[in-house]
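In this chain, residues are counted from 1 in sequence order.
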Amino acid sequence: MSTIIQTNRLTKSYGKSRGIIEVAFAISEGEVFGYLGPNGAGKTTTMRVLMGLLRPSSGSASIGGLDCWRQPTEVKKLVGYLPGEFNFDPGLRGAQIIEYLGHLRGGIDHAYVRSLIDRLGFDPSKRFREYSRGNKQKLGLVQAFMHQPAVFILDEPTSGLDPLNQQEFYKMVDEEHAEGRTIFLSSHILPEVEHTCDRVAIIREGRLVKIDHVSTLKDIHQHEVEISFPGPASIDWFKNVAGVASVAERADERILQLNVQGALTEIIRIASDHQATNFATREPSLEEIFLRFYEPELSPIARA
């Protein structure tokens with residue numbers, strides 16, 4: 001598949017405050033790409049540059065072959081954008097905002113808009129000032145999805161949503177993905193990224209530290225393995241085996257605890273040779289991987 005979103009050494013400096021530094025990635029057409037990091041890591045800055053709302057200090061960004069800073073109007077025609085905080089004229093009703101934004105788009109499918117409103121349980125009759133954080137987010141999602149764009153850029157899309165609406169959002173993402181549309185979403189909610197994304201980029205202090213498939217990120221993590229034996233066990237059985245990072249005895253001398261990198265084939269064979277009575281391995285979580293990339297320091301950053 002062809003690349004539809006691309007950044008090349010993209011940098012945005014705020015002077016003394018950190019922005020983003022030489023961020024480079026390529027997102028394929030039809031891909032769901034997660035942008036993972038805590039608040040202040042640089043996620044929002046990246047998305048604002050992609051939308052032509054911020055001028056990069058250096059480097060470049062393009063969507064659909066269009067330069068995001070030099071051709072922002074053409075870029076916006078391709079994109080459904082949900083900002084980190086969706087704000088509008090407080091006196092306008094939800095329906096008026098949807099209608100206004102629909103006219104800016106040159107017209108929308110009103111039946112489809114109604115289906116989005118119903119799915120999210122959104123009341124369009126209230127004024128913007130009357131909406132809770134969650135209802136403002138629903139309105140933001142409606143306006144991002146309503147013109148069925150080729151590309152979605154969604155900044156923390158489930159922020160403020162209750163669990164039922166979060167699940168509905170996941171279904172919406174799955175449907176757009178099935179239609180071949182491209183989705184670039186930022187999040188600090190790890191199960192969200194794990195559930196929705198094909199690949200994920202992890203950003204720390206304005207720099208990308210890892211880009212890979214979610215499944216691959218799991219595979220590189222050290223598995224925790226616990227093995228029980230019918231009698232006293234020895235750490236010598238495993239300590240020199242390739243891939244074993246550590247091995248320790250539990251309080252019960254018949255049980256060993258191992259940290260293993262990679263395949264478990266040799267571990268299973270040795271355990272079998274010593275008549276293991278139980279073999280348990282814990283699947284690594286994306287959260288553990290994420291925290292590993294942020295150790296030992298989780299210092300706050302001045303600007304997202």
Does Met146 reach the side chain of Ile98, with side-chain heavy atoms less than 4.5 Å apart?
yes

Residues Cys68 and Val75: closest non-hydrogen pair is CA-CG2, 4.1 Å

Give the C-alpha distance, both sets of side-chain angles, the deciding distance and a yes or no for salt bridge (charged side-chain N to carboxylate O under 4.0 Å, His left out) between Glu266 and Arg269.
CA-CA 5 Å; Glu266 182 66 7; Arg269 186 193 65 77; 2.6 Å; yes

Should Gln137 and Leu120 count as side-chain neighbours, where that means a heavy-atom distance under 4.5 Å?
no

Distance check, rounded to the nearest 0.5 Å: His110 atom NE2 versus Ile117 atom CD1?
10.5 Å

For Ser13 and Gly15, indicate whether the former's side chain and the latter's backbone hold a donor-acceptor pair under 3.5 Å.
yes

For the pair Gln167 (side chain) and Leu164 (backbone), establish whether a donor and an acceptor sit closer than 3.5 Å, ignoring hydrogens and angles.
no

Pair Ser115-Asp118, side-chain donor/acceptor within less than 3.5 Å
no

NZ/NE/NH1/NH2 to OD/OE distance under 4.0 Å, Lys77 and Glu74
no

Step through it carefully: locate the ring centre of Phe152, locate the ring centre of Tyr81, and say whether they are under 6.0 Å apart.
no

Beyond-backbone contact of Val32 with Val173, side-chain heavy atoms, under 4.5 angstrom:
yes

Any heavy-atom pair between the side chains of Phe33 and Cys197 that's under 4.5 Å?
no

How close do Trp69 and Pro56 get, counting heavy atoms only, and between which atoms?
CB-CD, 4.2 Å

Got a donor-acceptor contact below 3.5 angstrom from the Thr182 side chain to the Gly30 backbone?
yes

Within a strict 4.5 Å, meaning less than it, do heavy atoms of the His177 and Asp198 side chains meet?
yes

With side chains defined as the heavy atoms from C-beta onward, is the minimum distance between Glu249 and Ile235 less than 4.5 Å?
yes

Determine whether a donor-acceptor pair (N or O, by modelled atom type, separation under 3.5 Å) exists between the side chain of Tyr131 and the backbone of Asp123.
yes

In this structure, CG of Leu78 is separated from NE2 of His147 (nearest 0.5 Å) by 9.0 Å

How far apart are the C-alpha atoms of Ile211 and Arg199, what are their side-chain angles, what is the distance that settles it, and do they pass the side-chain contact (heavy atoms from CB on, under 4.5 Å) test?
CA-CA 7 Å; Ile211 303 176; Arg199 287 193 301 150; 3.6 Å; yes

Assign the ring pair Phe229 / His274 to parallel, tilted or perpendicular, where the plane angle (0 to 90°) is split at 30° and 60°.
perpendicular

Near-ring test Tyr35/Phe184, centroid separation under 6.0 angstrom:
yes

Please determine whether side chain to side chain donor-acceptor pair (under 3.5 Å) holds for the pair Thr45 and Tyr14, giving the CA-CA distance in whole Å, both sets of side-chain angles, and the decisive distance to 0.1 Å.
CA-CA 10 Å; Thr45 292; Tyr14 295 106; 3.0 Å; yes

Without hydrogens or angle criteria, can the side chains of Thr277 and Arg254 be said to hold a donor-acceptor pair below 3.5 Å?
no

Do Ile20 and Leu208 belong to the same hydrophobic cluster, where Ile, Leu, Val, Met, Phe, Trp and Tyr are linked whenever their side-chain heavy atoms lie under 4.5 Å apart, directly or via other members?
yes

With Leu116, which of Lys138, Gln143, Met172 fulfils side chain to side chain contact (heavy atoms under 4.5 Å, CB included)?
Met172

Atom pair CD1/CD of Ile183 and Glu176 - distance to nearest 0.5 Å
6.0 Å

Separation between CD1 (Ile63) and OG1 (Thr3), nearest 0.5 Å, reads 12.5 Å

Using the six-membered ring wherever Trp is involved, compare the ring planes of Phe88 and Tyr100 and label them parallel, tilted or perpendicular (cut-offs 30° and 60°).
perpendicular

Flag side-chain contact, heavy atom, 4.5 Å: Glu22 against Leu10:
no

Does Thr46 use its side chain to pair, donor to acceptor, with the backbone of Gly42 at less than 3.5 Å?
yes

Might you work through the side-chain contact (heavy atoms from CB on, under 4.5 Å) test for Ile255 and Glu226, ending with a clear yes or no?
CA-CA 7 Å; Ile255 300 175; Glu226 185 176 276; 3.5 Å; yes

Is any side-chain N of the basic residue among Lys239 and Asp236 closer than 4.0 Å to the acidic one's carboxylate O?
yes

Taking C-beta and beyond as the side chain, do Phe279 and Val225 meet within less than 4.5 Å on heavy atoms?
yes

Treat each ILVMFWY residue as a node, draw an edge where side-chain heavy atoms are under 4.5 Å apart, and state whether Val113 and Phe169 are in one component.
yes

Locate the shortest heavy-atom distance separating Phe238 from Ser234; write the atom from each residue and the value.
CD1-O, 4.5 Å

For the ring pair Phe145 and Tyr112, is the centre-to-centre distance below 6.0 Å?
no

Within the distance-only criterion (no hydrogens, no angle test), does the side chain of Arg181 pair as donor or acceptor with the backbone N or O of Pro149 below 3.5 angstrom?
yes

Run Arg133 and Ser159 through side chain to side chain donor-acceptor pair (under 3.5 Å) and show every step you take.
CA-CA 8 Å; Arg133 174 72 178 88; Ser159 177; 3.1 Å; yes

Looking only at non-hydrogen atoms, find the nearest pair between Ala24 and Arg9 and report the distance.
CB-N, 4.0 Å

Hey, does the side chain of Lys12 reach the backbone of Arg55 with a donor-acceptor pair shorter than 3.5 angstrom?
yes

Rounded to the nearest 0.5 angstrom, the CG-OG1 distance for Leu53 and Thr44 is 11.0 Å

Starting from Met47, can I reach Leu82 by hopping between I/L/V/M/F/W/Y residues whose side chains sit under 4.5 Å apart?
no

Consider side chain to side chain contact (heavy atoms under 4.5 Å, CB included). Of Leu92, Leu139, Asp89, which one does Phe128 pass it with?
Leu139

Run the side-chain contact (heavy atoms from CB on, under 4.5 Å) check on Ile227 and Leu258 step by step: do they pass?
CA-CA 8 Å; Ile227 311 173; Leu258 289 74; 4.1 Å; yes

Does a donor on one side chain and an acceptor on the other come within less than 3.5 Å for Ser62 and Asp67?
no

Between Thr7 and Ala61, what is the shortest heavy-atom contact and its length?
CG2-CB, 4.1 Å

Take Leu264 and Thr281, measure what side-chain contact (heavy atoms from CB on, under 4.5 Å) needs, and give me the verdict at the end.
CA-CA 9 Å; Leu264 300 176; Thr281 180; 4.0 Å; yes

Is the backbone of Lys43 close enough, under 3.5 Å, to the side chain of Ser186 for a donor and an acceptor to pair up by distance?
no

So if you build clusters from Ile, Leu, Val, Met, Phe, Trp, Tyr with side-chain heavy-atom gaps below 4.5 Å, do Leu141 and Leu185 land together?
yes

Same cluster (ILVMFWY, side-chain, under 4.5 Å), Phe25 and Ile4
yes

Under 6.0 Å from the CZ atom of Arg93, do we count more than 12 heavy atoms belonging to anything else shown?
yes

Look at the side chain of Glu224 and the backbone N and O of Arg282, then say whether any donor-acceptor pair between them is shorter than 3.5 Å.
no

Thr158 side chain to Gln166 main-chain N or O, any donor-acceptor pair under 3.5 Å?
no

Name all residues meeting the side chain to side chain donor-acceptor pair (under 3.5 Å) criterion together with Glu168; count only those two or more places apart in sequence or in a different chain, and write none if there are none.
Arg119

What distance separates Lys76 NZ from Leu50 CG, expressed to the nearest 0.5 Å?
11.0 Å

